[in-house]
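Ligands are counted one by one from 1 in listed order, and the atoms in each one are counted from 1 as well.
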Amino acid sequence: MNPEPPPLQVRGALRSFGHTRAVDGVDLELHPGELLVLVGPSGCGKSTLLRSIAGLVALDEGSITVGGLVVDDGRSSTPPEHRPVGMVFQDHSLFPHLTIEDNVAFGIRKTPAAERKAAVAELLAMVEIEHLAQRYPHEISGGERQRASVARAVAPHPRLLLLDEPFAALDPNLREQVRTQLVTLLRATGTPAVFVSHDQAEAMALGDRVAVMRAGRLEQLGTGPEVYDHPANRFVAAFMGDAAFLPVSDEDGRLRTELGPIERPADAPTLPAGGVVAVIRPADVELEADPDGPDEIVGSVYQGPTWTYDVRLASGAVVRSTRPRSEAVSHGTRVRARLDIACPALVPIAAG
Ligand code: ADP
């Protein structure tokens, strides 16, 4: 028996607009049922990559295969309507003159009526809008419309679903709820999906893996913990979350930063030539009150559950420390900062 072909394979994808290489040699492959999130700063090529998978943009070079079917080989590109791919946009795209039920049924209108009705009811129930089946899009909220859009896109059993910033128009409280419902729907139907997001926290919450892009290139592809805790370089470390970078000295094999000794990573017996810096995450820095301490609180932000402090070290470097809200410390307080992990990530000194 042949193994199931991957839902998506992208090989050497290249697409330029004038002198801009929007997608510059991207390779990636999705596992069955996997949810992948493309993240990166504005203009890094996320939408162009997603649109080329959808068939809205043709590749200049490389290939895209969906469920074993070549849809772009760099010379010819299958039009979107002939690709086994569903797409959901930021601003939903329901037909205003059809009820929610009829919108969801639209993509499966050739299915026998009884079967169609049952499938639509099941999808609406999965995203918890079955009670809105007879309403029109303008009669329901933004979050409900977005759930209906995804139910509609999933109805014809696409081999792959593409979602371009699907939560961007929703307010933050609603966003998490809608996200959870969509993930439940995608998991229950086994639909693999590629999301675009510019929000790294959302990417880690949503994706089985996260693809971090910069200037058309894939900088790193991995699970949330892989890209957050083991970033490939400074760019990925800084993009995935608050990070300070401290010099690392190597004296007879013993590594240290200004915050004390650190362990050598098990997977890096020799450090890259040119040197490394340690990635310091705020959650990994502890503060000890010490009137004679070498470090000083120079800034603070209250976040409800936690405080985040800016701490100036003796060298002048500033690191951040996230502390429980019970640990309020005022500006100018002398402290001793230390790392509460033995082995912070190390990345090459060179920016990039
Ligand atoms: P992102 O989605 O990460 O913000 P895009 O894929 O939209 O990035 O854009 C990547 C680069 O390609 C940007 O420099 C953008 O200006 C350029 N670009 C995208 N689409 C077009 C287009 N249709 N015409 C010209 N340039 C484009």
| request: May I have all residue pairs that pass ring pair (Phe, Tyr, Trp, His ring centres under 6.0 Å) and include part of residues 108-149, sequence neighbours excluded? | output: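 Applying ring pair (Phe, Tyr, Trp, His ring centres under 6.0 Å) to every pair that reaches into residues 108-149, excluding sequence neighbours, yields nothing.
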| message | Whether the side chain of E258 engages the backbone of S315 through a donor-acceptor N/O pair (distance < 3.5 Å, no angle test) should be reported. | response |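 Present.
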| said: Students should find this: residues with any non-hydrogen atom under 4.0 Å from ligand 1. What is the answer? | reply: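 Close residues (ligand 1, cut-off 4.0 Å): F17, T20, A22, P41, S42, G43, C44, G45, K46, S47, T48.
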| said: My understanding is that only residues two or more places apart in sequence, or in another chain, count here; which of them pass ring-ring contact (aromatic ring centres under 6.0 Å, His included) with Y309? | reply: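 Residues passing ring-ring contact (aromatic ring centres under 6.0 Å, His included) with Y309: W307.
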| query | Side chains of L30 and P192: closer than 4.5 Å at any heavy-atom pair? | reply | yes
| Considering only heavy atoms from C-beta outward, does the side chain of R325 approach that of T306 to under 4.5 Å? | no
| Is there any side-chain hydrogen bond (donor to acceptor under 3.5 Å, both in side chains) pair reaching into residues 158-167, and which pairs are they, with sequence neighbours excluded? |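 Pairs touching residues 158-167 that pass the test: E165-H198.
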